[in-house]
Structure formats: structure tokens, C-alpha cells
Amino acid sequence: MTRIAGSRTFILGVVAGLALIYALCYAAISAGLDASSPLVFAGLALAGVLVWRRRPLLPARQDWRAVVTLALIPTTLGFGAMFLSPGRAGVGISSVLGNIQPLIAVVLGVLFLSERFTRARGVALLFGVLGVVLIALPDLTGSDAYAAAGVVLALTASLAGATGSVVVKRMGAHRDMLVIAAWQLLLGSLPLLAGSLVLEGAPALDWSVKFTALLLFLALPGTALAVPVWYWLLDREEVGRASMLLFLVPVLGLGTGTVLFNERLTGPAIAGVAVILAGIGVIAWDFWHAPAVARDPDAAPLTTAAVAR
């Protein structure tokens with residue numbers, strides 16, 4: 001197969017594609033909640049990885065601790081919180097707060113991966129925090145405890161996702177990330193399905209064409225494709241710098257909520273979008289001009305065969 005170039009332009013394109021998928025996931029979750037309870041919906045979406053990789057091989061023995069950590073934190077905890085949040089807060093606010101991994105990842109990268117905290121990252125981080133606060137202001141200051149619970153769940157999803165990125169980065173190269181992602185998602189789906197039976201009772205699913213299409217989107221591009229591609233990206237870039245580019249997700253999430261669900265944008269939300277876009281511009285400039293992160297030359301490149309196998 002022809003190797004796909006790992007140029008900065010290509011990597012920025014990958015990040016933009018992932019951002020769009022992540023933003024659409026919250027819309028798909030919200031649209032599917034009228035046909036399924038949240039936890040069983042999450043478990044079914046994660047189990048869809050079996051369609052992507054029909055016969056997953058076992059990870060290496062030394063990788064099992066990381067696989068279990070990835071299964072429990074970013075998968076069970078992160079996806080569970082992600083599927084529960086849109087039913088409590090709106091699609092826009094859930095997508096915003098559920099994708100503030102850049103804020104958390106920068107801090108975790110400095111603490112646990114010895115990554116640099118540059119001036120550009122500091123400025124982008126400040127803009128990102130300010131933008132997220134402006135967008136979340138109505139729910140954070142309102143008296144609706146149910147919506148406040150949605151905010152907490154969305155923030156939990158972000159924390160779990162950022163933690164998973166650090167775990168993957170610490171694993172280093174020479175890993176088959178498709179195998180690790182497959183087992184992570186498969187094992188992580190089991191507590192969600194068990195929790196659904198305990199907390200939500202016997203699943204009452206409406207297997208309509210709409211629900212099936214939403215489930216397939218969440219299972220395939222939303223999970224089985226997005227997770228290993230993100231891990232490939234982490235192999236080539238610092239966690240903090242790569243994650244900062246995902247500030248685009250909240251902006252796309254608000255746009256999705258507005259277009260698909262007629263959610264009205266407030267003045268502070270519009271200002272928040274503008275501030276976040278400014279932060280994205282700063283980190284994109286830094287990404288474009290900074291030297292590439294050194295990586296093992298024997299690590300597998302992203303190829304059409306690597307993604308398809």
C-alpha cells in the first residue's frame with residue numbers, strides 16, 4: 001500500500017476530521033436517546049469495534065495493565081459520562097465541556113510526560129479556558145440541578161479522555177494500537193452493559209432505521225476509527241500540542257446543536273466561540289512552526305493497510 005505522508009498539513013487534516021466526528025457524536029447520542037437508555041446505548045456503540053476488527057489478537061503481556069486502565073477510565077468512565085451528559089445538558093454544552101481535553105491534557109503532559117509549557121500554549125490555554133467559561137456560563141450559573149449534573153458528567157468525560165491520552169503516550173512505540181484499542185473498547189463496554197441492567201433495567205430498544213444508523217455511526221467512525229487514529233496521532237505529536245488542536249470540537253459542537261437541534265446561541269456563547277477560535281489560531285501557528293517531535297523510526301506509519309487491517 002502507498003504510505004500516507006505524515007506532513008503537518010496531513011496531520012492538521014486528521015485533527016480536523018476527528019474534531020468533526022467528535023462533535024457529531026454528541027448530536028448522534030442526543031438523537032438516539034429517545035430509542036435507548038444511555039448506558040446500554042454506550043455499551044452497544046463500543047461493542048461495534050468487533051465489526052471493525054473481527055478477530056482481535058491478544059495484546060502483549062506487558063500491555064495488559066495499560067489496556068485495563070484504558071478500558072476502565074477513558075472507555076467505561078469516559079464514554080458512560082459522555083452518553084449520559086446530553087440528556088441532562090444540551091447538545092452544544094455537552095459537546096463543549098465533553099471536549100475540553102486540551103485544557104487537561106496540557107497540564108497532564110507537563111506533569112507526567114515532561115512536555116514543554118510554551119508561551120503559545122499558555123496563551124491558547126488562557127483563551128480556551130475563557131471561551132469554555134463563556135459558553136458554559138448559563139448552565140454553570142443556573143438553578144437547574146439536572147443541567148448542572150450534565151455539566152459535571154461532560155467534564156468527567158474530558159478528564160477521562162485526557163488521562164487515556166497520557167497512558168497511551170507513556171506506552172511508547174512498537175505497539176499494535178489497533179489491537180489495544182479493540183480490547184480497550186471491548187472490555188470497557190462490559191461494565192457499561194452490566195451497569196445498564198442494574199441501573200436502567202431490561203433494555204427497551206427501538207431498532208428503527210434512525211437508531212440503527214446512529215448506532216453504526218457511533219460504533220464505526222465515532223469509535224472504532226477515531227480511537228486508533230487518535231493513538232496514531234499521539235505517536236507523532238506531544239499530547240499537549242495535539243490535544244490543543246481539538247479546541248475546534250466545542251465550536252463544531254455548538255454549530256451542530258444550533259443547526260440540528262435549534263439550540264439558541266447566547267451572546268456569551270458567541271463570544272466564547274470567538275475566543276476559542278483565537279486560541280486555535282495561536283496553537284495552530286505554534287504547531288506549524290515548531291520542530292517535529294522525535295519518534296522511533298521503526299514505529300509503524302499510518303498507511304491505508306494499517307487503518308484497514
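In the hydrophobic clustering (ILVMFWY side chains linked at under 4.5 Å, chained through shared members), Val68 is joined by Leu72.
Residues passing the side-chain contact (heavy atoms from CB on, under 4.5 Å) test with Leu113, sequence neighbours excluded: Glu115, Val166, Lys169, Arg170, Val239. Shown here are the side-chain hydrogen bond (donor to acceptor under 3.5 Å, both in side chains) partners of Thr76, two or more places apart in sequence or in another chain: there are none. For Phe79, there are no ring-ring contact (aromatic ring centres under 6.0 Å, His included) partners at least two apart in sequence or on another chain. With sequence neighbours excluded, the residues satisfying side-chain hydrogen bond (donor to acceptor under 3.5 Å, both in side chains) with Thr75 are Gln184. Residues satisfying the side-chain contact (heavy atoms from CB on, under 4.5 Å) test with Leu218, not counting sequence neighbours, are Cys25, Ala28, Ile29, Phe41, Ala45, Phe83. Remark: Tyr231 pairs with no residue by the ring-ring contact (aromatic ring centres under 6.0 Å, His included) rule, at least two apart or across chains. With sequence neighbours excluded, the residues satisfying side-chain contact (heavy atoms from CB on, under 4.5 Å) with Ala157 are Tyr26, Ala81, Met82. Considering only residues two or more places apart in sequence or on other chains, Asp34 meets the side-chain contact (heavy atoms from CB on, under 4.5 Å) condition with Lys210. Under the side-chain hydrogen bond (donor to acceptor under 3.5 Å, both in side chains) criterion, Ser37 pairs with Glu200, not counting sequence neighbours.
Proximity of Ser36 to Asp206: side-chain heavy atoms (C-beta onward) are nowhere separated by under 4.5 Å.
Exactly one of Val229, Leu225, Val227 qualifies for a side-chain contact (heavy atoms from CB on, under 4.5 Å) with Leu18. That residue is Val229. Under the side-chain contact (heavy atoms from CB on, under 4.5 Å) rule, Val40 has a single partner from Leu197, Leu192, Leu205, which is Leu205.
Every pair tested for salt bridge (Lys or Arg N to Asp or Glu O under 4.0 Å) that includes a residue from residues 19-29 fails, sequence neighbours excluded, so the list is empty. Pairs of residues two or more places apart, or lying in two chains, that qualify as side-chain hydrogen bond (donor to acceptor under 3.5 Å, both in side chains) and include a residue from residues 119-136 are Arg121-Glu238.
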